[in-house]
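No hydrogens, no waters, no symmetry mates; every other heavy atom, side chains included, goes into these values.
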Amino acid sequence: MTAFPAALLPLPVALPLVVCAALLATAHLLPGRLPDILATLAALGVAILCGTIALHAADGPLVYWFGGWEPRDGVHLGIGFSVDEASGWVAAFIGLLYALTFVFAWGFFDRTHGHFQILMLLFLAAMIGFCFTRDMFNLFVWFEVMSVAAFALTAYHLAESALAGAINFTVVNSLAGFLMLGGIGLIYAQTGTLDFEGIAAAVARGGRDPVVAGAFCLVAAALMIKGAIVPFQFWLADAHAVAPSPVSVIFSGSMVSLGLFGLAKVSAVVFGASGQVQHALPVLLIGLGGVTALLGGWMALLQRHLKRMLAFSTISHAGIMLTGIGALSAGGTGGMLVYVVGHGLVKGALFMIAGILLATQASIDEIALRGLGRGIWPAGIAMGLAGLLLCGLPLGVLDQGTRLVQGALAQQGHGIALAAGTIGAALTGAAVLRAAGRIFLGLGPDPGDEAGAPSEDEREKANRPLWLMLGPCCVLLALDIGLPADLIGHALPRAASAFLHRPAVEALAEGPAWLPWASLIAALAGAGYGLFRKTLPALVVRPVSVTQSAPTRALEVLHSGLIGDYAAWLAVGVALIAAVLAMV
Amino acid sequence: MTVILPLLFLLTAISGTAVVLVRDPVRQVFAIAVNGLVLAILFDALQAPDVALSELTVGAAAVPLLFLVALMAVRTQPPEEKP
Amino acid sequence: MTMLPYAVAAWLFGIGLYGIATSRNFIHLVGCLGICQSATYVLLLGLGYRWGSIAPIFYDHPPGTPAVDPVMQALVLTDIVVGATLTALLLVLTIQAYKRGGSLDPEKLRPMRAGGGSRRNQASSRADDGAGKTS
Amino acid sequence: MSPRIRVALLALAGLILLPCAATVIAGLPPFGATIAQYGERINAITPEARHVANMVSAINFDLRGLDTLGEEFMLLAAITGTVVLLRGRRGEGNTEHAMRRPGRAVIPRSEAVVLACRIAGPLTALFGLYVVVHATVTPGGGFQGGVILASATLLIYLGEGYAGWRDAIHSHWLDAMEGGGALLFALCGLAPMLTGAAFMQNVLPLGTFRDLFSGGLMLVENLGVALAVTGGFTQLFLEFMEETRAADEPDEPGEESA
């Protein structure tokens, strides 16, 4: 029936589902470590399958119709998967990240009956389905499976703060699901189909239509909630800071960026023909993205809880990715796709280091850990390197993505967004480098106060060998640096154009070469300021702390941890998107 | 039919509002059950018997039951520390 | 009448969101979330309805009789499952949070915060060893 | 943020959204005027193509079977999550047998309640089975029937009390049912691929229209869903009920069982 490579498409979703159902059915019979092995192998298998699919998709998107329900007379009857090269590689990256996370989490949980692996495999299958599908409602289903698995995984530790964070996460992301379903209902009623291409064709025929704009508003709000864009970002810091470290790796490394991946796909493929949406997008995405990048970076700098710091840094980088989408060009979106992979690799490594510190030093507090990291100096080198990569060290995949995004923004004259992205990256890099300097080199003052110290129950299981935890982390960093830039640069123009359903472009512009260095120097200066504030002359310190204090207080009041506030901000965000859409 | 449907829609809006405005969780459980029942009737009137049956089993029975159990759990198990 | 179902859906979502924003009890909040979700049911089924059509089950009527949209109904069925799973998960989280934090009030049960929240966290970790909470 | 500011913020957002929502609603087709082309098309071709009377089941199990697969696994995720979160403090190991607390009074039940439950339980189970097997001809199906079946087991709790319930139902069986059902559904998707057909393609004989055994592969999938949902919801009820039992107060007779 179907040709060879296309017949592979259902397998990356089906494989983890089958393994996890089998694990659940037989969990109590299986010997101790078998679930770990099976889960790792399944994730590796998914990565290999997705890589194969991506290779075959280079000539053009592969399409697969479930149940053999191919479109008849122009009506899409069933659900289809449509995989272009870029989606395939992103899926392969996700599979690899899971495999390494399973290795990292080896022996992390006692007596789990495989429950952790079951939830993680479901999470993986949902992400792959989310990447591959070409059906609006199917997208929603995978979105929800992803959410439900994530909710349960967040609270795995059952500590008080973990539970409160998980409740906020669940409520906000459930609301996202409802918004998305409402949007899908509207677009289905108006266009009479759920298929991406079918909707796109109907939208192109329809002209300016408030229902289409309304549907886009709801779907985009839902995906931005997943992608933690201001003013929807509040849940992320609560959830990522309290989730078990391996889960945080997945959350920051792939779940958040996948929300933005979905947004890029939906706005280019489904709503690509709606003039109203396309006109509103640059204003909306670049504006929100710039604010997000700055706010996330600033908040990261204020944190002393390492995982919370990394969570805010993820928010900042999500903002940078959003500006990439907002450029609405092959360069911007292509850069964003590369950025997703690079950021996932580096941020995953950083969360693993945070997990290593939690496990070996029984603390996650930057101040309390001061100088304690000397015994595990290899982790320190990894953390320093990751911090440098995060703020723009011109090396590796993340840097390539950054330069492409910057190139696209510079080409279109979005100078402010360019500056916001650079400063945001510098701020998060400064935060990470400051923490690395304090923990592994013992730099900086020791305030000796206990206020703000995380509670005792955040300790994670300690009796795992260091190399087991550090290994996957180093592999991630090595991948970020080692992936051949030429190959990516060669394939990207074609892949990004196919992703956007646009005619292929020749080459993609890159940003000015000095920009990453500027970001790097700013980050080093920021980290140095944080560490050596006491020894600097008062002339430098006073103006800085004066300008710091007021916005800092305001931001801390905003991040209240109250679900009621988050709901109000959610409404504000939806209103903002609606207002921008109404005005163009 | 033309009278029943608008009436049911209004009833849905009212019972939904009641769920929000009844602030005491114990009484809210009943509001939730009523709301589930109203929704089930509305779905049946909208020619969706499949959905009505699901809503009846889930929304009007299983979910209120879970709420009741949660309330009992909160009541019978004092927290590990008194606020 | 032509707009009533959609207006009801919008109202339900709005009132549910208002309930979430003002709720002082997590169990009540979960109920409000359910109302937000019922807005999607009403919207979808309202959009899939057609006057004078039968249910999309051709048992008593021959195939070809005008019927309402079965796709919307299938979507809502999935949505109801989503609703049940979310409610169950949230209630579990609420029960556990109550056991750890001693309150169902979102104001008293916040996720970890630097500064103010930390003292409470330390107290709760002490409480795990059996000591009472002092604050 | 004080509650007043929060409500003001919400009102402001509502004020902006109100005209937008009004415009969108005005742009929608009037209520009851028409249905989408997709649904119309399915109503037209499916009875003939798949020999089933219930279009909703046809969509759920055949045309859009992948959605139901995702939905089933969502349920599995939620119930696994519930189990993990509720058992966390109780300890995951000790769920095999009922936790009989010393000094816990067994509440005597009136004969009438026990009798009523013993009659109602099997009847409910029978009704659940009826709903399950008639998936392709009348309203209902694996999901609805599964929930009814699970509530039938709940009647055992009412009639026989907690200990009797825990003796009758083992957690591992439920895990096996839930996982097995989901596995069956997933294999229904993969098995046709062995014959060269597409994932979840309906390769079995379709049976006769309006017959109980119509729909081919849909029947197997329906069975998988029923198994998974019955196991899952029973597990859910079981874990929730466990939670109502006071953990450390043996002097407190459980009023929750009244």
Contact origin within [X] toward chain C - heavy atom pairs under 4.5 Å:
X	value
B:Gln28	side chain
B:Ala62	neither
B:Val51	both
B:Val22	backbone

>> Only pairs of heavy atoms separated by less than 4.5 Å count here; which of C:Val81, C:Ile80, C:Leu104 has the most with chain B?
In response: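 Of the options given, most contacts go to C:Ile80.
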> Which residue out of C:Ser53, C:Gly16, C:Gly46, C:Gly34 racks up the most heavy-atom pairs below 4.5 Å with chain B?
Replying inline: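 So the answer, after comparing C:Ser53, C:Gly16, C:Gly46, C:Gly34, is C:Ser53.
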Shortest non-hydrogen contact from [X] to [Y]?
X	Y	result
B:Phe9	C:Val42	CE2-CG1, 3.6 Å
C:Gly31	B:Phe67	N-CZ, 3.7 Å
C:Asn25	B:Pro25	ND2-CG, 3.2 Å

>> Just to verify, which of C:Asp69, C:Leu45, C:Val68 counts as forming a side chain to side chain contact (heavy atoms under 4.5 Å, CB included) with B:Gln47?
In response: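 One option only clears the test, and that one is C:Val68.
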>> Under the side chain to side chain contact (heavy atoms under 4.5 Å, CB included) test against B:Leu66, which residue among C:Val92, C:Leu91, C:Leu90 passes?
In response: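 Among C:Val92, C:Leu91, C:Leu90, the one meeting side chain to side chain contact (heavy atoms under 4.5 Å, CB included) with B:Leu66 is C:Leu91.
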Does any backbone or side-chain atom of [X] lie under 4.5 Å from a heavy atom of chain B? Answer side chain, backbone, both or neither.
X	answer
C:Ile57	side chain
C:Val30	both
C:Ile35	side chain
C:Thr94	neither
C:Leu12	side chain
C:Ile20	neither

>> Is there a side-chain contact between C:Leu4 and B:Leu10 in this structure, where contact means two heavy atoms from C-beta onward sitting under 4.5 Å apart?
In response: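 SC-SC contact between C:Leu4 and B:Leu10 confirmed.
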> Do C:Gln73 and B:Phe43 come close enough that some side-chain heavy atom pair is under 4.5 Å?
Replying inline: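 C:Gln73 vs B:Phe43: side chains apart.
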>> Under a 4.5 Å cutoff for heavy-atom pairs, which residue among B:Leu42, B:Thr17, B:Thr12, B:Leu39 has the most contacts with chain C?
In response: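 Top count of heavy-atom pairs under 4.5 Å with chain C: B:Thr17.
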> From C:Thr22 OG1 over to B:Arg23 CZ, what is the distance, rounded to the nearest 0.5 angstrom?
Replying inline: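 C:Thr22 OG1 to B:Arg23 CZ: 3.5 Å, rounded to 0.5 Å.
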> Does C:Tyr6 OH have over 12 foreign heavy atoms under 6.0 Å away?
Replying inline: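 Result for OH/C:Tyr6: enclosed.
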> Given the rule in the side chain to side chain contact (heavy atoms under 4.5 Å, CB included) test, do B:Asp50 and C:Val76 qualify, once you have shown the distances and angles that lead to the verdict?
Replying inline: CA-CA 10 Å; B:Asp50 274 284; C:Val76 176; over 6 Å; no
> Distance-only, no hydrogens or angles: does the C:His28 side chain make a donor-acceptor pair with backbone N or O of B:Val20 under 3.5 Å?
Replying inline: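 Looks like yes, one N/O pair under 3.5 Å.
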> Does the pair C:Tyr49 and B:Leu5 meet the rule for a side chain to side chain contact (heavy atoms under 4.5 Å, CB included), with working shown?
Replying inline: CA-CA 11 Å; C:Tyr49 184 71; B:Leu5 269 183; 3.7 Å; yes
